[in-house]
Protein chains: 2
Amino acid sequence: MFRSHTNGELSLKNLNEEVTLSGWVQTIRDKGFMIWIDLRDRYGITQLYFSQEISSNELFEEVKKLNREFVIQVTGKVIERKDKNKNIPTGEIEILVEKLTVLNESQLPPFKIEDETDGGEELRMKYRYLDIRRAPVRDKLIFRHKMAQKVRNYLSDEGFIEIETPVLIKSTPEGARDFVVPSRMNPGQFYALPQSPQTFKQLLMVGGMDKYFQIVKCFRDEDLRADRQPEFTQIDCEMAFVEQEDVMNVFEGMTKTLLQDITGQKFDKYFPRMTFADAMQKYGNDKPDIRFGMEFVELNELVKGKDFKIFDDAELVVGINVEGCADYTRKQIDELVDWVKRPQIGASGMVWVKFQNDGVKTSSVNKFYNEEDLAKIIEKFGAKEGDLMLILSGNENKVRTQLSALRMELGNRLGLRKGDVFAPLWVVDFPLLEFDEESGRYHAMHHPFTSPKPEDIHLLETDPGKARANAYDMVLNGNEIGGGSIRIFDKDLQSKMFDLLGFSKEEAEAQFGFLMNAFKYGAPPHGGLAFGFDRLVAILDGNEVIRDYIAFPKNNSGRDVMIDAPAAIAEAQLDELQLQLNLKA
Amino acid sequence: MFRSHTNGELSLKNLNEEVTLSGWVQTIRDKGFMIWIDLRDRYGITQLYFSQEISSNELFEEVKKLNREFVIQVTGKVIERKDKNKNIPTGEIEILVEKLTVLNESQLPPFKIEDETDGGEELRMKYRYLDIRRAPVRDKLIFRHKMAQKVRNYLSDEGFIEIETPVLIKSTPEGARDFVVPSRMNPGQFYALPQSPQTFKQLLMVGGMDKYFQIVKCFRDEDLRADRQPEFTQIDCEMAFVEQEDVMNVFEGMTKTLLQDITGQKFDKYFPRMTFADAMQKYGNDKPDIRFGMEFVELNELVKGKDFKIFDDAELVVGINVEGCADYTRKQIDELVDWVKRPQIGASGMVWVKFQNDGVKTSSVNKFYNEEDLAKIIEKFGAKEGDLMLILSGNENKVRTQLSALRMELGNRLGLRKGDVFAPLWVVDFPLLEFDEESGRYHAMHHPFTSPKPEDIHLLETDPGKARANAYDMVLNGNEIGGGSIRIFDKDLQSKMFDLLGFSKEEAEAQFGFLMNAFKYGAPPHGGLAFGFDRLVAILDGNEVIRDYIAFPKNNSGRDVMIDAPAAIAEAQLDELQLQLNLKA
């Protein structure tokens, strides 16, 4: 038996008990005639005590040979500590060690196994198995597990059935971003890894398996932006005989339960809802962070025709009121101007208006706008004394995006985006289609199976870009954490959608033939939603870095630097697959 | 709102309520002036009633247009049924329909959507989404979900953490049976899909994440035997600071809980244990079905030296006692002889001995064995009047395997292998190594990380084939449902194992380098186990066909005939991956 207790459970209740513990040597404090060791395992830390006076000479000699991260087993008596540490559960006791066994030695690790480490990200990823020993990483993985359990139990209790869909599926002609898997048994043919179980969950609905869910790995061979992973995890769900409200109710309930468990606060039964159009107008963003205000205020009517050419030429003049920041110095404001002019943001400039604490109204455009003009602008913003207004102008879509970025940046700088405050929100009434200038045709905003709102179906003939979808996104703290739609379940409407999206009959058949075939045999009305589980977990834990919540993540080049994958494979393997490399220069 | 209730929940309690139901038309019984329809969904069946007398003409006309598998919505009143069906929960009521909406039409399905269908396996697989509508298939998928939930909750309650390990990993030089995935971002390099998360779970132990589990997809590109799937699901577990007993305790507890939930019976806290050597001697099989006896009885001492050349020349003469079958006719016994002589079994013949109901002792070898000889044989078998003894002879290993097959066949024929009786068992003390005649070297029986029993370590130098492993299999009803081992956690012992297995230093480094590297930083003692989840579920449900418990299984050629995967991919996709086909004639 390697241990009678873990390193997280002993307390004064166990005083004088003889116990056996195992774990890693976290720290050694050697005072010459007394030595203390912090022994660590998954469950916590327990202090070990060795005394030259009490311990045997052999034991004391052995302890002197220990080093950080050695794996040891000790037996001894639980005694009361002199200098208690009330911050940890075991902080009032220590173990007077009588017997020590070194279970395994350790080289000195390449970085410190402590909450604050000296290892850079790349080094920690290469030695991820050591990184995982650190409490913050360990706790994130445990948090992820708990969330998965809560989701599974919630959905099971609601009557959902978890069904595993296949990982080895079929690549679709347009699916250039599928990972493919050559089949040895079927030479020249390939499986594909699923980007999502979308078609399978719809087939399950056709199969009558109402209320499906799955926490499932999905795969996307796309160029990785920061914090994107080639393999990621979704909570995937689908329901039959439902309307939009039915789906939203279930997942609002699920998210509310998670939030209440984490925060201990009560959340409203219903999350606020905002249309896509409103979100774009008020926040320049279809996933607004509503933990703070700074809603957009449009100023076209007030500011045009005053000879300020920049505003006169702009399609849209729009600003935000930054409360209590009228005392920003010239330098602070210039820095913000530089910030919005960075290529990533791309604004050409920024106008500011101050309603000073002394009641004075001033701006960077005093030449064009007198005090009366400024008073009207300030009134429109609903600003108070002490507030600073920042105004951007230009092309409508671009300026909204720029102002949204500025709003979020100020939210961060002013500490308004608190990790322990949660503001969930539904965004609804998305456009069904987006027009893509480059290809000159419509794309499905969600995917080709998303149904239009019944009252907008007529627009598909006349003005497809105006048609709204039965689609909904759940937004939490400025992140889209989930999204879904009510699907088309009518063959004819689906054909019309494929037409609109520019698919020929043959293309539609090749890509979606088996789903369309299934729809001939009595498809029920159905809809669902998928959550990005990695992101959901990160945000629920008050963080935004997905990678921290993945046990063995890949880097931005899609590499696992710990195991050094991907890697070349043996010629014999390629040969067996009847493939050869065709490397470009 | 598509429904106020499901089709499984209405009863006499709801009498006279106005309800709305949706579902599929299961059956139509048209009596001219009265029509009954069984309406089906995931939850059950509810009978709908239409009467020419009561219903409107339009409604009655509409009903006449319905056909099997149409998706409909009805509103009506719950009334008491005349001819009650007490076998189903809704069997005492029916719905007097007032309003009918056809939600979707259906072509006539290619086979009957009933418990007993007329569709062959291939047709049902092609239309798996229709097969899933059938109650037996649906119930198997729901059963699987429930088992997964119970396993997850049990292990979570025991302090285990579910951690997702990567699906895109690295192929090992000898891993010719890995599925590989070309990386577009790293041309010429490949990921591999995991055959199991073995190395990752060991890395998690090095990382201090004691008590890991995962229900996880694994992949094996092997030639598929009947009922093997290229993607399959494991319950994968690993613990740190444990000995064999600790691991066995946890998973015995887990399995016991599942068995008790399913059967409503109490199971012993500890499952019986049998050494590998005993299992081979008593059952000729390392996964014996102990729901019935027929233990092997070895007869060398009794039967040799009686001029029966076949027995005299045999390495082993061994038989089983088939109780109560002494009245088998000559024809029945000849059929059994033919059965053991089939090429799949390969016996050269079979000897029988009867202890007839009238007390007469006779055999197929009366020429060589007199009544006194037979009496001794019968005594050795412990046979009673009315029993039939069947005896095989030959090479020791071969004859055990043959007799094991015969024993199982008789178990099936005599109805001794009951689907609702569960006899779990641990098989322990497996050999560490198997000698492979072909390659002339040892293979790891379990895998190269399995530790030898401490008392057998010295045998690695002198007689490696005799060394036993700290390995254990859980066997249920003649199937290995799980297996595991205590791992080697000492670098030097691991090196010795690699030597024994014939790995050069370079090969060991290339295949297991990152794990060996991790072991330098304080690996704890650890061990674990994995269950084949598909098989476990099938057996717990009293079945043995894995495929039935997979929503979208592949056939014996590894094909998904529903979506027609694998398939050729576009030239552009190959090009982007910098690959080309190299098809052999």
Side-chain angles (χ1 to χ4, degrees), chain A residues 2-3 22 24 42 69 71 104 106-107 109 129 132-133 141-142 145 149 156 161-163 166-171 179 181 183-191 203 206-208 210 217 221 231 241 514 518 520-524 551-552 558 563 565-567 569-570 578-583, chain B residues 2-3 22 24 42 69 71 104 106-107 109 129 132-133 141-142 145 149 156 161-163 166-171 173 179 181 183-191 203 206-208 210 217 221 231 241 514 518 520-524 551-552 558 563 565-567 569 578-583:
Chain A
F2 283 104
R3 60 187 174 198
S22 289
W24 286 264
R42 196 193 105 191
E69 300 307 318
V71 186
N104 223 335
S106 173
Q107 291 186 6
Y129 46 86
I132 288 174
R133 286 187 192 164
L141 297 179
I142 293 175
H145 161 69
Q149 274 295 107
S156 295
I161 304 295
E162 185 161 21
I163 298 177
V167 175
L168 297 171
I169 64 163
K170 187 182 182 175
S171 191
F179 281 109
V181 182
S183 166
R184 191 176 51 85
M185 289 179 71
N186 304 276
Q189 300 193 331
F190 296 74
Y191 302 100
L203 289 170
V206 176
D210 181 22
K217 276 278 175 78
D221 186 15
E231 54 181 296
F241 303 112
F514 60 93
K520 292 177 189 160
Y521 296 97
F552 300 101
I563 62 171
I569 58 174
Q578 306 191 28
L579 279 180
Q580 63 189 35
L581 300 184
N582 183 24
L583 297 179
Chain B
F2 283 104
R3 60 188 173 198
S22 290
W24 286 265
R42 197 193 104 192
E69 302 306 318
V71 186
N104 223 336
S106 174
Q107 291 187 3
Y129 45 86
I132 289 174
R133 287 188 192 164
L141 297 180
I142 293 175
H145 161 70
Q149 274 296 108
S156 296
I161 304 295
E162 185 161 21
I163 297 177
V167 175
L168 297 171
I169 64 163
K170 186 183 182 174
S171 191
F179 281 109
V181 182
S183 166
R184 190 176 51 85
M185 288 178 72
N186 304 274
Q189 300 193 331
F190 295 75
Y191 302 99
L203 289 170
V206 176
D210 181 24
K217 275 280 176 76
D221 186 14
E231 53 180 295
F241 302 111
F514 60 93
K520 292 178 190 160
Y521 296 98
F552 299 101
I563 62 171
I569 58 173
Q578 307 193 26
L579 279 179
Q580 62 189 35
L581 300 184
N582 183 24
L583 296 179

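Quick note on labels: first sequence line is chain A, next is B, and so on, each numbered from 1.
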Asker: Is Ile563(A) close to chain B through its backbone or its side chain, or both, or neither, when contacts mean heavy atoms under 4.5 Å?
Answerer: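 Contact with chain B is through both the backbone and side chain of Ile563(A).
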Asker: If we define contacts as heavy-atom pairs under 4.5 Å, which of Ile569(B), Leu583(B), Leu581(B), Asn582(B) has the most with chain A?
Answerer: Asn582(B)
Asker: Between chain A and each of Ser156(B), Ala551(B), Pro187(B), count heavy-atom pairs under 4.5 Å; write down the option with the most.
Answerer: Ser156(B)
Asker: Where does Gln149(B) contact chain A at under 4.5 Å (heavy atoms): side chain, backbone, both or neither?
Answerer: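 Just the side chain, heavy atoms under 4.5 Å.
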Asker: Going by the angle between their ring planes, with limits at 30° and 60°, are Phe179(A) and Tyr191(B) parallel, tilted or perpendicular?
Answerer: perpendicular
Asker: Going by heavy atoms in the side chains, are Gln107(A) and Glu69(A) under 4.5 Å from each other?
Answerer: no
Asker: Non-hydrogen atoms of chain A under 4.5 Å away: do they reach the side chain of Lys217(B), the backbone, both or neither?
Answerer: side chain
Asker: With chain A as the partner, which of Ala567(B), Pro166(B), Ala565(B), Gly208(B) has the greatest number of non-hydrogen pairs under 4.5 Å?
Answerer: Ala567(B)
Asker: Could you tell me whether the side chain of Arg3(B) and the main chain of Phe241(A) form a donor-acceptor pair under 3.5 Å?
Answerer: no
Asker: Flag the pair Asp210(A) and Arg42(B) as a salt bridge only when some basic side-chain nitrogen lies within less than 4.0 angstrom of an acidic carboxylate oxygen.
Answerer: no
Asker: Measure Ile169(B) against the heavy atoms of chain A and call it side chain, backbone, both or neither at under 4.5 Å.
Answerer: both
Asker: How close do Leu203(B) and Ala518(B) get, heavy atom to heavy atom, and via which atoms?
Answerer: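 Heavy atoms only, the tightest pair is CD2-CB, 3.4 Å.
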Asker: Counting heavy-atom pairs closer than 4.5 Å to chain B, which one of Phe552(A), Phe2(A), Tyr521(A) comes out on top?
Answerer: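 Most pairs with chain B among the choices: Tyr521(A).
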Asker: Counting heavy-atom pairs closer than 4.5 Å to chain A, which one of Pro109(B), Ser22(B), Ser183(B) comes out on top?
Answerer: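 Most heavy-atom pairs under 4.5 Å with chain A: Ser22(B).
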Asker: Would you check if the side chain of His145(A) reaches a backbone N or O of Glu162(B) as a donor-acceptor pair within less than 3.5 Å?
Answerer: yes
Asker: In the structure I gave you, are the side-chain heavy atoms of Pro524(B) and Trp24(A) within less than 4.5 Å of one another anywhere?
Answerer: yes
Asker: If you count heavy-atom pairs under 4.5 Å with chain A, which of Val71(B), Ile161(B), Leu579(B) comes out on top?
Answerer: Ile161(B)
Asker: Who wins among Val181(A), Asn104(A), Ile132(A) for the most heavy-atom pairs under 4.5 Å with chain B?
Answerer: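 Among Val181(A), Asn104(A), Ile132(A), the one with the most close pairs to chain B is Asn104(A).
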Asker: Quick check against the 3.5 Å criterion: does Glu231(B) have a side-chain atom that pairs as donor or acceptor with the backbone of Leu168(A)?
Answerer: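 Present.
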